[in-house]
Amino acid sequence: MLSDSLLQRPVNVIQLITMPAKLRIAMFNTDTPVPTVRHKWSTYGVMFQELLVAAASRFTPDLTIEITEWDIQKFEYPPSLADIDVILVTGSAAASYDADEWISRLDDYVLDVYKNHRHVRMFGSCFGHQLICQSLLREYGVRVEKDPNGYELGVKEIRLNERFRKTLGDGSVFSRKTPESLRVQMIHQDHVVIPTLESLPDSWMVFGATQHCAVQGMYDPARVFTLQGHFEFNRFVNTEIMKVFGGKGRWPPQMLQEGLDAVDADDDAEFLGEIVLQFMLEKGRSSTEDTTRLSQKLYDVFATTGFAYLVNAPLSIDHDEIFELTREFFALPQNQKMKLAKKSFRPGHSNTYRGYAKADMGESGFELGNPITDHTTRNSASTQKINISEPNVWPDAQLFSKQERLEEMYNELQSLASKLLSLLTVPLGKDPNFFDSWLDDSLSTLRLLHYPPVTQTAQPGFEEAARLSCSPHTDSGILTLLHQDTTGGLEVLNAAGEWIAAPYIPGSIVVNIGDLMARVSGSRFKATRHRVRAPPPKPATANDRFGRFSIPFFFEPGEACSVPVEGDEGAVVYGEYVRKKMATFVEFQEDSGYDTGTTEEM
Ligand SMILES: O=C(O)CCC(=O)C(=O)O
Ligand SMILES: [Fe+2]
């Protein structure tokens with residue numbers, strides 16, 4: 001039900017280890033504030049934002065709260081849930097059981113999020129509380145109806161449920177003990193009815209009760225929290241709303257007056273803001289839960305943009321080290337690098353697949369494969385002209401001391417990629433061991449890339465804006481993990497057909513899906529087109545170490561691996577797939593073993 005067509009930017013940041021320093025809340029506005037309130041708070045979402053930001057500034061000053069707002073009555077929904085941590089459903093004058101289409105759409109949506117997007121938490125207030133309870137707990141007989149006791153108006157004291165008090169934050173909220181009762185502004189005439197609490201799933205509990213209303217909210221740790229009251233309202237807001245709702249004789253004058261009197265009292269909105277923030281940040285129920293959140297997040301990204309940034313990846317090598325090492329390689333004398341050149345550049349050389357290559361425009365690359373491949377027994381050299389399992393070639397150890405570090409990096413990227421893949425088995429509906437065999441004799445490639453700066457004089461009539469040093473393409477394999485330096489220039493084609501910059505984000509690795517993985521996923525995953533703009537012209541004194549450096553790691557299965565793809569073929573033998581692909585590259589046409597129409601000697 002989530003559309004991928006509106007995506008504006010490829011920046012989905014996925015935290016691989018710890019909780020985000022950022023909390024991204026999608027405000028689902030289900031109504032607009034009354035006119036006298038609107039000039040100060042344009043939406044209900046903004047009211048929540050104010051209190052949550054204030055609570056965060058008191059207790060978690062490093063936390064950034066990012067808000068997006070959606071007009072639910074106009075059927076506005078986020079195009080992807082990949083970069084959303086919390087959905088907050090506001091109050092509304094509507095009733096959750098009304099027959100409007102926007103309400104039933106929201107009801108379905110909330111259930112889908114709960115079941116299928118476990119990394120997203122939900123909070124609801126008043127109408128939001130009722131709608132979420134109705135949607136998620138309908139199957140246990142929970143419903144919303146008009147309260148036979150009528151309206152509950154103004155500031156009321158809620159006695160908190162003992163289990164709730166002890167569960168959220170183990171009895172304290174940001175190190176303050178959770179009190180036995182809390183006061184909050186109310187304005188509602190519907191209530192949530194729970195026939196038998198015992199029949200609800202174990203994890204669910206009631207937040208608290210007033211004299212008037214037994215279900216003042218529901219809590220399912222790290223997933224759902226709802227409140228009947230409005231901690232987002234102050235006296236002014238609730239007064240103005242009451243005047244509009246109850247004015248012009250719609251409510252008996254005495255009831256309106258009692259309501260207005262009850263509004264004018266102190267409440268605990270500030271503390272409730274802290275409780276709500278605590279819920280939004282609390283740790284998942286277990287590490288299994290965290291894993292589930294992560295895999296769902298990855299799935300959501302790959303199914304929409306196909307492009308994400310990973311931060312906090314478990315790698316022993318940081319950006320400074322990896323780029324220092326890369327610069328060191330490219331700073332080697334050209335004749336030393338050419339000793340590693342592939343056969344297509346130096347016909348006397350035996351390495352066809354791994355090694356050094358320099359393109360016409362000056363881009364150069366150095367590729368290495370699995371450092372531990374058993375090259376003697378497991379290659380196709382005897383039957384094919386090109387040996388894609390060939391050993392790596394290395395510069396003289398006296399000139400380049402980083403071979404071991406690069407091999408370590410290769411191994412770490414390989415395990416990171418396989419960890420990402422294993423996280424995808426569940427959301428893809430595959431067997432947990434589905435990707436295991438892909439690691440056997442994997443053909444993954446680590447490529448060090450250098451794009452030299454463009455020189456204006458070398459290109460008469462050149463238009464800087466249009467210069468590309470890597471033309472638009474999709475990656476052909478499974479999954480790519482890319483380190484890019486701070487230069488920028490990488491661009492990604494979004495669903496609207498626009499090229500969007502994918503700039504350097506400190507400490508991040510870009511991850512994207514390749515063609516074969518898109519096929520394995522039955523086209524659920526997108527192999528995103530990307531390109532690289534040429535680095536800006538070099539300064540007069542520049543040497544070859546300027547320009548842009550990047551290090552893609554292409555995760556690939558073994559040569560003999562049979563990769564099941566959904567669709568006609570059933571399976572693709574990876575080695576054959578690579579050879580077919582290579583046959584389309586001029587430099588390999590004679591070596592691929594595939595007939596491309598060129599004369600071939602045997
Ligand atoms: O250099 C980059 O940032 C991207 C390189 C790339 O897309 C590739 O080598 O497939
Ligand atoms: Fe690429």
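Numbers here are sequence positions counted from 1. As the structure lists them, so they are numbered: ligands from 1, and atoms in each ligand from 1.
- Under 4.0 angstrom from ligand 1, there are no non-hydrogen atoms of V510.
- Ring orientation note: the planes of F330 and Y356 are tilted relative to one another, at an angle of 30° to 60°.
- The contact set between ligand 1 and F554, taken as ligand atoms under 4.0 Å from a residue heavy atom, comprises 8 (C), 9 (O), 10 (O).
- The backbone N or O of A357 lies less than 3.5 Å from no partner atom in the side chain of S364, so there is not a single donor-acceptor pair.
- Atoms CD and CD, from E498 and E491 in turn, are 12.0 Å apart once rounded to the nearest 0.5 Å.
- A donor-acceptor contact closer than 3.5 angstrom is absent between the side chains of E566 and S521.
- In terms of protein heavy-atom proximity, atom 4 (C) of ligand 1 is nearest to V532 CG2, 3.8 Å.
- Near H530, the atoms of ligand 1 lying under 4.0 angstrom from a non-hydrogen atom of the residue are 7 (O).
- In this structure, H483 and F323 have perpendicular ring planes: the angle between them is above 60°, well past the 30° mark.
- Summary of contacts: the protein heavy atom closest to atom 5 (C) of ligand 1 is Y451 OH, 3.5 Å.
- Of the possible polar contacts, one joining the H119 side chain to the L81 backbone as a donor-acceptor pair under 3.5 Å is found.
- The shortest N or O to N or O distance between Q484 and ligand 1 is not below 3.5 Å.
- Rounding to the nearest 0.5 Å places CD1 of I551 at 8.5 Å from CG of L482.
- Here the side chain of R447 pairs no donor or acceptor atom with the backbone of F554 at under 3.5 angstrom.
- When hydrogens are left out, the protein atom nearest atom 9 (O) of ligand 1 is R447 NH1, 3.0 Å; that is the closest non-hydrogen contact.
- Counting only distance, with no hydrogens or angles, the side chain of Q484 and the backbone of A502 share a donor-acceptor pair below 3.5 Å.
- Heavy-atom proximity to atom 3 (O) of ligand 1, evaluated over R548, H483, H473, is greatest for R548.
- For the residue pair S389/E559, the side-chain donor-acceptor check at 3.5 Å is satisfied.
- Taking a cut-off of under 4.0 Å to the non-hydrogen atoms of D475, the atoms of ligand 1 that pass are 10 (O).
- Every atom of ligand 1 with a heavy atom of P552 under 4.0 Å away is listed here by number and element: 9 (O).
- R531 CZ to W499 CH2: the interatomic distance, rounded to the nearest 0.5 Å, is 5.0 Å.
- The Fe ion (ligand 2) has H473 NE2, D475 OD1, H530 NE2 as protein N, O or S atoms under 2.8 Å away.
- Applying the 4.0 Å criterion to heavy atoms of S550 picks out, from ligand 1, the atoms 1 (O), 2 (C), 3 (O).
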